[in-house]
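Written below as structure tokens is the structure these notes are about.
What's counted below: heavy atoms across the whole structure, side chains too, no hydrogens, waters or symmetry copies. Note on naming: letters A, B, ... go to the chains in the order of the sequence lines (proteins, then strands), and numbering restarts at 1 for each one.
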Amino acid sequence: MRVRFAPSPTGALHIGGARTALYNWLLAHSRARSDGGERGTFVLRIEDTDRERSTAENVEQILDALRWLGLDWDEGPIFQSAAAERHREVLEQLLASGHAYHSNAAKADVDAYKLSHGAERGFRGVAEACGAVRLRVPDDGETAFDDVIRGEIRHPHASMDDPVIARADGSVLYNFAVAIDDLDAGITHVVRGEDHISNTPKQLLVFEALGVSPPRYAHLPLLHGLDGKKLSKRHGAASVQELRDAGYLPEAVVNYVALLGAGFAADEEFFTLGELAERFRLERVSKNPAIFDERKLRHLNGQHLRALGLEELTARLEAYTGHSGLEGAVAISSEKIQTLADFWPLAGFVFDGPAEDSAAFAKVIDRDGGRDRLRAARGALAAVDPFTAGEVEAALRGLVERLGCKPGAIYQPIRVAVAGTTVSPGIFETVALLGRDRTLALIDRALARE
RNA sequence: GCCCCCAUGGUCUAGCGGUUAGGACGCCUGCCUUUCACGCAGGAGAUCGCCGGUUCGAACCCGGCUGGGGGUACCA
């Protein structure tokens with residue numbers, strides 16, 4: 001089995017593209033494949049024939065995104081542009097055999113043709129001495145293929161236009177180049193987005209004209225945004241790069257994106273790349289387009305974050321924030337964050353000092369005896385020894401008991417005093433991490449505040 | 001317009017002729033340190049897009065319709 005991922009480097013790697021890459025990777029690494037053979041080969045091909053829009057930066061960005069996701073390829077990257085000569089050769093071959101012909105017909109000619117022959121009739125041109133090259137589509141019959149995911153898909157020839165496969169300058173177009181490249185790379189399974197369904201018969205016709213047998217095809221449903229429209233920039237983080245910047249883990253992105261349409265049983269959903277590959281079955285992939293829901297990604301990200309372990313999570317957070325010495329704060333925060341980006345807003349006060357949140361101060365300390373309770377808490381904390389989370393907890397619980405107030409009436413003022421905000425890691429752990437001197441100083445500072 | 005694909009709670013899905021239509025995210029309630037999150041225990045939320053047909057029986061099979069999506073480039 002040989003599969004491929006063939007992005008065109010006209011922009012960053014989008015989530016939809018990432019999923020296509022992932023499914024190809026999973027298929028190549030799947031153990032439950034129908035052919036029962038050893039691991040498949042994952043080929044990476046860069047479709048850079050659109051010279052205007054393809055850039056080296058985009059290529060690098062795509063490779064970088066794939067590496068970040070852990071989707072390593074076995075062959076490539078192969079650049080489609082490097083095969084220009086071979087493309088031209090095959091084109092000549094088709095021209096010579098009569099499977100293709102030169103034509104100068106333009107959009108207006110195609111429209112006129114449909115006006116006189118019927119809107120559902122595919123355009124048929126007349127061979128000319130020069131011009132673009134069109135592939136001859138038979139008038140009768142149909143081109144059908146058995147899509148691994150969707151079953152039989154048929155396109156009647158009568159409604160297919162003779163597709164243009166090369167420009168007048170001889171450079172070949174997508175549907176032709178793809179067929180030749182897949183053929184030359186020995187691709188056995190083409191797994192790509194649903195937007196390519198109607199391209200498939202054109203490519204199939206190229207194979208047929210060449211007298212070779214085509215690969216199998218599987219068309220993945222597309223990914224949509226929360227509004228049901230095709231996923232794009234306006235849906236927030238739409239590229240892998242943006243997801244990384246937003247604090248998501250590659251493990252979680254891979255896990256979530258795989259789940260969208262993989263057709264797994266719903267009893268379990270936390271998976272590593274390897275586990276995904278073990279479970280993956282191409283035939284099981286869903287036919288419905290899925291909506292990318294960042295909330296579920298967040299949830300899954302939290303799961304993966306916690307599964308990392310303190311040491312690894314600390315390393316990731318240090319890399320993400322650019323700070324070091326984070327371990328203590330990470331230890332008390334890991335249960336409370338869902339993305340790497342959540343960490344600093346939650347625990348940054350440990351390093352930067354309390355945030356200036358006057359609303360929190362007014363609401364929690366500067367009213368209803370908040371100061372008095374904070375003063376009492378200070379007294380209780382001053383006597384704690386050793387200054388551990390356990391001892392801090394015992395002291396504060398004792399205070400709550402003595403004062404007969406609700407726990408929060410004591411804890412929230414302390415929280416606001418040391419963190420500056422009403423949200424922080426657990427209060428006992430936080431206070432213990434800060435240490436007695438710092439804690440008391442911060443409380444004094446809050447008590448002195450007007 | 002024409003061609004093609006799709007259709008289970010807000011979202012992702014399980015289901016494969018007989019189920020109180022299951023799970024997860026999200027939402028709500030309770031408990032857990034009146035935060036946030038994790039965890040646990042509950043809860044609300046689906047005439048399985050609509051109409052016909054096949055069948056003793058349909059979310060599951062067939063047809064039509066509607067809705068959504070994709071394609072319709074000398075882009076990829």
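- Within residues 326-347 of chain A, the residues approaching RNA chain B are E335(A), K336(A), Q338(A), by heavy-atom distance under 4.0 Å.
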Could you list, one pair per line, each protein nitrogen or oxygen that sits under 3.5 Å from a nitrogen or oxygen of nucleotides 39-42 of chain B, together with the distance?
none

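- Across all strands shown, rU11(B) pairs with rA24(B); the Watson-Crick or G-U wobble distances both stay below 3.5 Å.
- Here the separation of rC75(B) from rA7(B), taken at their P atoms, is 34 Å to the nearest Å.
- Remark: C1' of rG70(B) and CG of L220(A) are 14 Å apart, rounded to the nearest angstrom.
- Nucleotides rC56(B) and rG43(B) have their C1' atoms positioned 38 Å apart, rounded to a whole Å.
- No hydrogens or angles considered: nothing links the side chains of S198(A) and H155(A) as a donor-acceptor pair under 3.5 Å.
- The CD atom of E268(A) sits 16 Å away from the C1' atom of rC25(B) (whole-angstrom rounding).
- The distance between atom CG of D162(A) and atom P of rU72(B), rounded to the nearest whole Å, is 16 Å.
- Rounded to a whole angstrom, the distance from the P atom of rC40(B) to that of rU47(B) is 30 Å.
- Per the geometry, CG belonging to L396(A) stands 15 Å off C1' belonging to rU34(B), to the nearest Å.
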Show me the side-chain donor-acceptor pairs of residues 111-119 of chain A shorter than 3.5 Å, one per line, residues at least two apart or across chains.
{"unit_1": "D111(A)", "atom_1": "OD1", "unit_2": "K107(A)", "atom_2": "NZ", "d": "3.1"}
{"unit_1": "D111(A)", "atom_1": "OD2", "unit_2": "K107(A)", "atom_2": "NZ", "d": "3.4"}
{"unit_1": "K114(A)", "atom_1": "NZ", "unit_2": "R121(A)", "atom_2": "O", "d": "3.1"}
{"unit_1": "K114(A)", "atom_1": "NZ", "unit_2": "D161(A)", "atom_2": "OD1", "d": "2.9"}
{"unit_1": "S116(A)", "atom_1": "OG", "unit_2": "A112(A)", "atom_2": "O", "d": "3.3"}
{"unit_1": "S116(A)", "atom_1": "OG", "unit_2": "Y113(A)", "atom_2": "O", "d": "3.1"}

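- We find that CD1 of I414(A) is positioned 14 Å from C1' of rU34(B), with the value rounded to whole Å.
- Put simply, CD1 on I149(A) is 15 Å from C1' on rG70(B), counting in whole angstrom units.
- Annotation: rC12(B) and rG26(B) have their P atoms spaced 15 Å apart (nearest Å).
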Give me the distances for all protein-to-nucleotides 1-5 of chain B N/O pairs that come in under 3.5 Å?
{"unit_1": "rC5(B)", "atom_1": "O2'", "unit_2": "R150(A)", "atom_2": "NH1", "d": "2.4"}
{"unit_1": "rC5(B)", "atom_1": "O2'", "unit_2": "E194(A)", "atom_2": "OE2", "d": "3.2"}

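- Between the C1' atoms of rG52(B) and rA58(B), the separation comes to 14 Å (whole Å).
- Taking the salt bridge (Lys or Arg N to Asp or Glu O under 4.0 Å) definition, one finds that D147(A) meets it with nothing, sequence neighbours left out.
- In summary, the aromatic rings of Y23(A) and F5(A) are positioned with their centroids too far apart to meet the 6.0 Å limit.
- Screening residues 125-136 of chain A for side-chain hydrogen bond (donor to acceptor under 3.5 Å, both in side chains) gives N104(A)-E128(A) as the qualifying pairs, with residues at least two apart or on separate chains.
- In the model, R45(A) has no side-chain atom that pairs as donor or acceptor with a side-chain atom of S8(A) under 3.5 Å.
- Residues Y411(A) and F428(A) bring their aromatic ring centres within 6.0 Å.
- A donor atom on one side chain and an acceptor atom on the other are not found under 3.5 Å apart for Q338(A) and N301(A).
- Side-chain N/O atoms of Q203(A) and T200(A) include no donor and acceptor closer than 3.5 Å.
- H304(A) and N255(A) are linked by a side-chain donor-acceptor pair at a separation below 3.5 angstrom, with hydrogens and angles left out of the test.
- Of the candidates L300(A), L69(A), I15(A), V253(A) forms a side-chain contact (heavy atoms from CB on, under 4.5 Å) with just one, namely L69(A).
- Screening R284(A), R281(A), R279(A) for a side-chain contact (heavy atoms from CB on, under 4.5 Å) with F264(A), the sole residue that qualifies is R279(A).
- For K296(A), the salt bridge (Lys or Arg N to Asp or Glu O under 4.0 Å) test picks out E269(A), with sequence neighbours left out.
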N/O contacts under 3.5 Å, protein versus nucleotides 12-16 of chain B?
{"unit_1": "rC12(B)", "atom_1": "OP1", "unit_2": "I291(A)", "atom_2": "N", "d": "3.3"}
{"unit_1": "rU13(B)", "atom_1": "OP1", "unit_2": "G261(A)", "atom_2": "N", "d": "3.0"}
{"unit_1": "rG15(B)", "atom_1": "OP1", "unit_2": "R284(A)", "atom_2": "NH1", "d": "3.3"}
{"unit_1": "rG15(B)", "atom_1": "OP1", "unit_2": "R284(A)", "atom_2": "NH2", "d": "3.4"}

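- Note on R4(A) versus D181(A): no salt bridge recorded, every NZ/NE/NH1/NH2 to OD/OE distance being 4.0 Å or above.
- rA37(B): no Watson-Crick or G-U partner with both key distances under 3.5 Å is found in any strand.
- If you take atom C1' in rC51(B) and the same atom in rA14(B), they sit 27 Å apart, rounded to whole Å.
- Between R150(A) and E194(A) there is a salt bridge, since a side-chain N of the basic residue sits under 4.0 Å from a carboxylate O of the acidic one.
- Only the C1' atoms considered, rG67(B) is 27 Å distant from rC27(B), to the nearest whole Å.
- rG70(B) atom P lies 17 Å from atom CZ of R192(A), rounded to whole Å.
- Within the structure, every pair that satisfies the side-chain hydrogen bond (donor to acceptor under 3.5 Å, both in side chains) test and touches residues 419-435 of chain A, not counting sequence neighbours, is listed here: R415(A)-S424(A).
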Protein and nucleotides 73-76 of chain B: nitrogen or oxygen contacts under 3.5 angstrom:
{"unit_1": "rC74(B)", "atom_1": "O2", "unit_2": "A168(A)", "atom_2": "N", "d": "2.9"}
{"unit_1": "rC75(B)", "atom_1": "OP2", "unit_2": "R167(A)", "atom_2": "NE", "d": "2.8"}
{"unit_1": "rC75(B)", "atom_1": "OP2", "unit_2": "R167(A)", "atom_2": "NH2", "d": "3.1"}
{"unit_1": "rC75(B)", "atom_1": "O2'", "unit_2": "D50(A)", "atom_2": "OD2", "d": "2.5"}
{"unit_1": "rC75(B)", "atom_1": "O2'", "unit_2": "R53(A)", "atom_2": "NH2", "d": "3.4"}
{"unit_1": "rC75(B)", "atom_1": "O2", "unit_2": "R53(A)", "atom_2": "NH2", "d": "3.1"}
{"unit_1": "rA76(B)", "atom_1": "OP1", "unit_2": "T49(A)", "atom_2": "OG1", "d": "3.2"}
{"unit_1": "rA76(B)", "atom_1": "OP2", "unit_2": "Y174(A)", "atom_2": "N", "d": "2.9"}
{"unit_1": "rA76(B)", "atom_1": "O3'", "unit_2": "E47(A)", "atom_2": "O", "d": "3.4"}
{"unit_1": "rA76(B)", "atom_1": "O2'", "unit_2": "S8(A)", "atom_2": "OG", "d": "2.8"}
{"unit_1": "rA76(B)", "atom_1": "N6", "unit_2": "N199(A)", "atom_2": "OD1", "d": "3.1"}
{"unit_1": "rA76(B)", "atom_1": "N6", "unit_2": "N199(A)", "atom_2": "ND2", "d": "3.3"}
{"unit_1": "rA76(B)", "atom_1": "N1", "unit_2": "N199(A)", "atom_2": "OD1", "d": "3.3"}

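- Between E356(A) and R445(A), at least one side-chain N (NZ, or NE/NH1/NH2) sits under 4.0 Å from a carboxylate O, which counts as a salt bridge.
- Within the shown strands, nothing qualifies as a pairing partner of rA44(B) under the Watson-Crick or G-U definition with both distances less than 3.5 Å.
- A heavy-atom distance below 4.0 Å to RNA chain B is reached by these residues of residues 420-428 of chain A, ordered by number: T422(A), V423(A), S424(A), G426(A), I427(A), F428(A).
- Between the CD1 atom of I15(A) and the C1' atom of rU11(B) there is a distance of 15 Å, given to the nearest Å.
- Taking the six-membered ring wherever Trp is involved, the centroid distance between the rings of Y320(A) and W344(A) does not fall below 6.0 Å.
- A salt bridge is absent between R167(A) and D169(A): the closest approach of a Lys/Arg side-chain nitrogen to an acidic carboxylate oxygen does not fall below 4.0 angstrom.
- Base pairing of rC2(B) is made with rG71(B), judged by Watson-Crick or G-U wobble geometry with both donor-acceptor distances under 3.5 Å.
- Evaluation of the salt bridge (Lys or Arg N to Asp or Glu O under 4.0 Å) rule for D48(A) yields no partner, not counting sequence neighbours.
- If you check rC61(B) for Watson-Crick or wobble pairing at under 3.5 angstrom, you find it paired to rG53(B).
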